[in-house]
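Down below is the structure, laid out as structure tokens.
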There are 2 protein chains.
Amino acid sequence: MSKEGQSRGVRRVQVRKNTGTVHGRHEAELSSALEAIERAGMRRTQPRIAILKALIAEHGPFSVDELREFSLLDGVDRVTVYRVLTAFEELGLVRRCEFGDGTSRYEFAGGGHHHHHVICKKCRKTENVDECIPDAIIQRVRKLGYDDVSHTLEFFGVCKTCRAA
Amino acid sequence: MSKEGQSRGVRRVQVRKNTGTVHGRHEAELSSALEAIERAGMRRTQPRIAILKALIAEHGPFSVDELREFSLLDGVDRVTVYRVLTAFEELGLVRRCEFGDGTSRYEFAGGGHHHHHVICKKCRKTENVDECIPDAIIQRVRKLGYDDVSHTLEFFGVCKTCRAA
DNA sequence: GGTCATTTGCAATTTTGTTGCGTGTAGTAG
DNA sequence: CTACTACACGCAACAAAATTGCAAATGACC
């Protein structure tokens, strides 16, 4: 990475909605995440808090190196970010996304609201999608003999602007 | 890779069904794929044919290095396999799968029948799943302004045997 | 068979992710 | 407030996956 742009990367559009109580909700999410960390017998360390804050403030799925560009994470080693995100994933605090370019991206998942993404095949911009897979399908997978079933789902398409060009 | 086993890899179970006309169907899939290649103005080269044959014969999603272990691909360079698979993906001849371990896997997709997978979170075995996402959802994503919408969908769970242990 | 653009193989490199180990720090007990 | 201890962090080295540039080989067309 280091250079500046992202070679294999995925650019993000942040379509921020004004939800009124944004600030308060972010704080609530942060403290509930910190409680989850303590409940798991883990420590409230500076890197963990910084990573949570970054993920909660800008909730796009970010790669490890995208995350490390936030000033909040100054001085935090790349290895630490990998380890923290892996731990958070196991706690269910973050969700890992694969956009098909060989890089994992992570987003905050402590706030219950589960969603997926559409990625433009041309410009690689991403957008959130509220659609999800019907419960009946998950049930049928469970019946194949699997417990604790989760899923990944991403949509790919050509966005309006790229279609024009 | 090279060693023998797969370090970050995903083991596969091949539950082969006897569908009667297997041989004939495989040949039909191969020649229709070759036609697609010609239609795209590309050449029928030995590596491309070998890769298609391997993918059609053993239709599990394979990583590049798993594919290269097939004797059909003896002497074919890893770079070539990457390039061929990327080209095939663009033609819609193969489908790329991400099982969350940082490696892309590919399977033949020229035969219309589209499916997904369940991956065991513990032993990483995979199995095919015929369930797919309802068309209505794809339509709604299209309405967000995207053309040519495709998707990836994978299920993760704990299989029977791993549950026992 | 000869020509030429496409495709391949090789070598080198980049990017992503992991491991081992000494140091630091959060949490706790005194 | 200080000291202790185990968890967590940072650094350096490593490993695997994927990409790039370029010369040589090969398939398509004449």
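Labels below follow one simple rule: chain letters A, B, ... track the order of the sequence lines, proteins then strands, and each chain is numbered from 1.
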Which is more 5' along DNA chain D, the nucleotide nearest B:Pro47 or the one nearest A:Val76? Just name the residue.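 This one resolves to A:Val76.
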Cationic N near anionic O, under 4.0 Å, [X] to [Y]:
X        : Y        : value
B:Arg96  : B:Glu98  : yes
B:Asp148 : A:Lys121 : yes
B:Arg78  : B:Asp65  : yes

Within residues 49-56 of chain B, find the residues that approach DNA chain D with a heavy atom at under 4.0 Å, and present them sorted by residue number.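 By residue number: none to list.
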Where along residues 80-95 of chain A does a heavy atom come under 4.0 Å from DNA chain D, residue by residue in number order?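 Result for residues 80-95 of chain A: A:Thr80, A:Arg83, A:Val84, sorted by number.
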Could you check how far [atom1] of [X] sits from [atom2] of [N], rounded to whole Å?
X        : N      : atom1 : atom2 : result
A:Asp77  : C:dG24 : CG    : P     : 15 Å
A:Ile37  : C:dA26 : CD1   : C1'   : 13 Å
B:Arg105 : D:dA17 : CZ    : P     : 9 Å
B:Arg44  : D:dA28 : CZ    : P     : 8 Å
B:Asp101 : D:dA17 : CG    : P     : 9 Å
A:Glu38  : C:dG27 : CD    : P     : 7 Å

In sequence, state the C-alpha distance, the side-chain angles, and the governing distance for B:Phe156 and A:Tyr146, and then conclude on ring pair (Phe, Tyr, Trp, His ring centres under 6.0 Å). CA-CA 8 Å; B:Phe156 299 87; A:Tyr146 291 84; over 10 Å; no
Parallel, tilted or perpendicular: which describes the rings of A:His113 and A:His115, with under 30° parallel and over 60° perpendicular?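 Because their plane-to-plane angle lies in the 30° to 60° range, the rings of A:His113 and A:His115 count as tilted.
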Check: B:Arg43 side chain, C:dT6 base, donor-acceptor under 3.5 Å: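 Check passes, donor-acceptor contact within cut-off.
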Need one value for A:Val64: base, sugar-phosphate or nothing, where a base atom within 4.0 Å counts as base even if backbone is also close, heavy atoms only.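 Here A:Val64 touches no strand at all.
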Apply the test salt bridge (charged side-chain N to carboxylate O under 4.0 Å, His left out) to residues A:Arg44 and A:Glu38: give CA-CA distance (whole Å), side-chain angles for both, the deciding distance (0.1 Å), then the verdict. CA-CA 7 Å; A:Arg44 293 186 182 217; A:Glu38 291 208 329; 3.1 Å; yes
